[in-house]
Each structure stands twice: as C-alpha cells, then as structure tokens.
Amino acid sequence: MPHLSAEMLAADATTPITSAGHAQLGIAVLAGIAVIVLLITKFKLHAFLSLIIGSLVLGAVAGAPLDKAIASFSTGLGTTVAGTGVLIALGAVLGKLLADSGGADQIVDTILAKAGRRAMPWAMVLIAGIVGLPIFFEVGIVLLIPVVLLVAKRGNFSLMRVGIPALAGLSVMHGLIPPHPGPLAAIDAVKANLGVTLALGVVIAIPAAIIAGPLFSRYAARWVDIAPPEKMIPQRTSDDLQKRPGFGITVATVLLPVVMMLAKALVDVVVDDPAHTVQRIFDVVGSPLIALLTAVVVAMFTLGRSAGFTRGRIASTVESSLGPIAGVLLIVGAGGGFKQTLVDSGVGQMILEISKDWNISTLLLAWLIAVTIRLATGSATVATISAAGLVAPLAAEMSTTHAALLVLAIGAGSLFFSHVNDAGFWMVKEYFGMDVGQTLKTWSVMETLISVVGIVGVLLLSLVV
C-alpha cells in the first residue's frame with residue numbers, strides 16, 4: 001500500500017470500491033472479522049482460508065462488486081508478500097543455521113555456565129531474547145524448552161521460575177521486534193521506518209521482558225509449582241555434532257542485521273540529508289533485505305563452517321528452513337489481502353473521520369483494536385495485520401517516531417491474554433505438562449503483562465519523542 005498523504009486520503013475517499021455509509025461499513029467490518037473468528041475457532045479452518053473468506057464477506061456486506069473485492073484482496077496479498085515475504089524467508093534461514101550448527105546451544109550453555117542460582121531467571125530471559133531475535137516464536141520454544149527443562153531439573157528450580165522468563169523473552173521479540181512477521185507486516189502497512197521501530201522496540205521490550213519474565217515468575221512459581229515432565233526432555237541438536245561455533249562469533253552473527261539496521265536509523269537522524277553520500281550508503285547497507293541477506297551469508301561461514309558443515313550440508317539446511325514457513329507466509333499474505341480490502345472499502349477513511357473527534361490517543365486506539373482481534377482469533381499475526389490495516393490512514397500525518405510507536409502499540413495489543421484459541425497456548429501447556437487452569441494463571445497472565453507494559457511504554461515514549 002502506498003504512503004497515504006492527506007491529498008491521497010482525500011482522493012481515496014471519493015473512489016472507494018463501495019459507496020457504503022459508515023453504518024454499513026461498520027457492519028461489514030464486524031461481519032468480516034466475525035466470519036474469520038468463527039472459521040478459525042469453531043470450524044478449525046486454516047487462518048489462510050479463513051482470511052480469504054472473511055475478506056470476501058467484508059467486501060460483499062460493504063456492497064462492493066465481487067470482482068473489485070477480489071482485486072483488492074489479491075493486490076494486498078501480493079504487496080504484503082513482496083514487502084515482507086523475502087525478509088521472513090531470510091529470517092527463517094538464519095534461524096535454521098543458528099539451530100542446526102549448535103550456535104543456539106552454545107549461547108545457552110555459555111550463559112548458564114556463568115549464571116548463579118539467583119541470576120538464573122535473568123539468564124533465561126537474556127538467552128531467550130538473543131536466541132529469539134532472528135527466529136519464530138514456535139521455533140524458539142522448540143529450541144529453548146529442552147534447556148528450560150534441564151535447568152529446572154538439574155538446579156532443582158520450580159519450572160515456572162525459569163520457564164516464564166524464557167517465554168517472556170521469546171514473546172516480546174515475537175510481538176515487538178522485526179524481523180518477526182507481525183512487526184514487519186505492520187511496518188509495511190503504516191509505512192513506518194524499520195530502524196526507528198527496531199530501536200524504540202528494544203527500549204520497550206526490555207522492561208516488558210523483565211516485568212513479565214523474572215519478576216512475574218516469582219508469583220507464577222507460587223501459583224503453579226510443578227516439576228519438569230520427563231517425557232518432554234528431548235535430545236539437543238548439538239549433541240550429535242563434533243564441534244560448534246564459539247559464543248562470541250555466534251552472538252555477533254545474530255546481532256549483525258540489528259546493528260546494520262540501527263546504524264541506518266542513526267545516520268538518518270544525524271545526517272538527515274537523503275542526497276548525502278553517507279546516508280545513501282547506509283540506506284543500502286541498513287535496508288532490511290541487505291542486512292538479513294548479509295547475516296545469512298556470514299552465518300554460512302561463521303556458523304555452518306564452524307560446525308564442520310560441508311557445502312552440501314549448508315545447502316540442505318537452507319533448503320529445509322524454507323518449507324516450514326510456507327504457512328506463515330500464506331497467513332501474512334492473506335492478512336495483507338484482508339487489510340487492503342478494509343482500506344479499499346473505505347474502512348480506514350471511516351475510522352479516520354470518526355476518530356478525529358474522539359478524545360483518545362491514536363496509539364491507544366490501535367492497541368485496543370489489536371487486543372480485540374487477538375482475543376477473538378487467538379493469532380498475534382492476524383491481530384497485528386488486521387489492526388494495522390484499520391489504523392494505517394491515521395499514520396499519514398504522523399512523525400517517523402510516532403509511526404514507529406503506532407506499530408509497537410499494535411504489536412503490544414496483539415499479545416494480550418493468549419487463551420484456548422491460540423496455538424501457542426497449547427504448545428506451552430503440553431511442553432510444561434500443565435492443565436488449562438495452570439496455563440491461564442501463568443502463560444496467559446504473562447502475555448497480558450507484556451501487552452500492558454508495552455502500551456504503557458509506548459504512551460510514555462510518545463510524550464518525549
């Protein structure tokens with residue numbers, strides 16, 4: 001979706017794919033979201049198919065011709081995948097190299113060897129934050145759960161005391177920090193600056209992870225005191241390797257794309273001249289595509305070759321990393337299609353017109369919309385993309401920093417109170433051997449804390465940046 005200037009908004013307002021009034025558009029939005037929720041939760045239909053059907057229902061109820069609704073959906077899907085699909089794929093490759101080479105285990109083992117008993121919850125949130133930076137939440141759980149279970153068993157810790165910090169570190173990265181799919185899609189939708197969003201996201205993520213992780217885990221351990229389930233302690237990836245990359249080079253490789261993107265953001269602020277040679281160089285060096293591509297190429301040597309991988313083994317690792325993300329790409333793409341249908345139907349313009357007289361912060365409004373969709377669908381990614389599509393017009397006149405904060409407000413809202421309609425809820429429940437009530441008292445409360453601390457951080461930052 002192109003950047004929406006005030007003039008473009010005015011033009012779009014006269015040429016939507018439907019001439020429906022506010023009431024009809026409001027009903028159309030509710031109908032579209034309700035259909036998506038019902039198909040995902042009641043009929044267990046895949047989110048990709050649910051988003052397609054919900055988009056068509058939205059267009060039909062809004063009175064748009066079917067061919068125009070289909071065209072809007074297809075355009076949104078294509079632009080979203082074009083904008084974020086390659087980045088998601090590169091992130092998946094980097095994460096797979098990190099896991100298969102034993103680099104993730106090296107980070108974990110090094111930090112745990114240096115952490116005392118009292119520092120262990122803090123070590124776990126640090127580990128999760130570093131490991132979770134380039135990889136998806138589900139992959140992070142699979143990587144870290146064996147470590148969490150072993151630490152709890154060998155150190156005689158309450159499982160919640162070390163498990164909650166690890167989950168908090170992973171979840172914060174998933175909801176707030178690019179290159180994760182949700183934040184990337186939101187950045188693309190509202191045309192925010194990725195480097196600025198990343199920098200501000202780190203500022204918000206640190207207190208959110210601390211409060212929802214090491215601090216909350218004290219209470220979670222009292223509420224749910226369970227031992228690690230023996231059957232869930234699998235063999236680690238690096239146990240079959242003769243050697244693995246060192247701690248320093250592994251951390252440097254993981255942080256390389258972050259440093260490159262932050263450098264671009266810093267140069268944008270300091271130089272502030274698009275024609276300046278230095279800024280033009282960093283516009284290329286710090287672009288997400290180049291930063292992640294560079295990290296992947298470097299990782300093939302620093303991680304793959306350091307683990308003794310042959311060229312063939314590296315190639316097979318890269319190939320195997322792409323298959324599992326097909327579902328993620330399709331969901332993100334379909335979410336972009338739903339978003340574009342919302343925009344082209346005039347829903348974004350409607351929200352812009354209605355909310356201009358509301359005495360409510362745009363950032364808080366974006367958070368509330370994301371919270372509502374998250375509670376209904378159970379998907380942080382669907383909530384992020386849908387909310388971003390609804391509030392995108394509100395970002396047209398925002399500064400660079402406030403557009404980035406809008407993305408973070410949406411991301412924070414997308415994490416609110418994970419419950420039984422969220423796949424992550426069931427993953428945590430099964431891995432930790434908890435019942436539904438115990439999972440609600442620990443995992444669900446932790447997610448809510450991250451969301452609330454996140455929006456408070458966003459609102460506070462909006463006062464000073």
Side-chain angles (χ1 to χ4, degrees), residues 37 40 47 125 128-129 132-133 135-141 163-187 197-198 200-213 215-217 220 328 331-332 335 363-388 390-391 404-429 439-459 461:
V37 172
I40 292 175
V125 75
L133 193 60
I135 61 180
F136 300 129
F137 177 78
E138 292 80 2
V139 178
I141 286 185
I164 288 295
L167 293 173
L170 286 174
S171 187
V172 164
M173 292 293 141
H174 173 66
L176 299 178
I177 308 297
H180 287 275
L184 278 178
I187 288 168
T197 305
L198 177 60
L200 295 177
V202 170
V203 172
I204 293 171
I206 291 173
I210 289 173
I211 292 172
L215 299 184
F216 170 64
S217 69
V328 174
I331 292 172
V332 170
L363 300 174
L364 184 58
L365 175 65
W367 181 80
L368 290 170
I369 292 173
V371 165
T372 302
I373 300 173
R374 159 68 161 181
L375 290 173
T377 65
S379 170
T381 302
V382 171
T384 299
I385 297 172
S386 300
L390 285 168
V391 302
L405 289 174
L406 183 66
V407 170
L408 297 173
I410 294 168
S414 75
L415 298 176
F416 192 89
F417 196 73
S418 164
H419 60 99
V420 294
N421 62 355
D422 178 17
F425 178 92
W426 296 104
M427 284 186 72
V428 172
K429 173 188 175 298
T439 312
L440 286 170
K441 287 191 291 186
T442 54
W443 160 255
S444 300
V445 174
M446 182 209 79
E447 287 281 86
T448 304
L449 279 173
I450 293 173
S451 181
V452 172
V453 174
I455 186 58
V456 170
V458 165
L459 294 175
L461 278 179

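Start at 1 with the first residue, then count along the sequence.
- No donor-acceptor pair under 3.5 Å is formed between the side chain of S418 and the backbone N or O of S444.
- Distance CG/L390 to CD1/I410: 9.0 Å, rounded to 0.5 Å.
- No side-chain heavy atom of V445 sits less than 4.5 Å from a side-chain heavy atom of L440.
- Rounded to the nearest 0.5 Å, atoms CG (L405) and CG (L200) are 5.0 Å apart.
- Considering every non-hydrogen atom in both A412 and L176, the closest pair reads N-CD2, 3.7 Å.
- The side-chain contact (heavy atoms from CB on, under 4.5 Å) check on S171 picks up F137, L415, M446, E447, I450, with sequence neighbours excluded.
- Nearest heavy-atom pair across S414 and A370 is N-CB, 3.9 Å.
- L408 CG to L198 CG: the interatomic distance, rounded to the nearest 0.5 Å, is 9.5 Å.
- The distance from the NE2 atom of H419 to the OG1 atom of T448 is 9.5 Å, given to the nearest 0.5 Å.
- Counting all heavy atoms, side chain and backbone alike, I373 lies closest to S386 at CD1-CB, 3.6 Å.
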Side chains of residues 202-213: which donor-acceptor partners sit under 3.5 Å, not counting sequence neighbours?
none

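- In this structure, CG on L368 lies 6.5 Å from OG1 on T372, to the nearest 0.5 angstrom.
- Taking both residues in full, the closest heavy atoms of G413 and S451 are given as CA-OG, 3.8 Å, listed atom of the first, atom of the second, then distance.
- Across G169 and A128, no two heavy atoms sit closer than the pair CA-CB, 3.9 Å.
- Residues T197 and P183 form no side-chain contact, since every pair of their non-hydrogen atoms from C-beta on lies 4.5 Å or further apart.
- Here the shortest heavy-atom pairing between H174 and T381 reads CE1-OG1, 4.4 Å.
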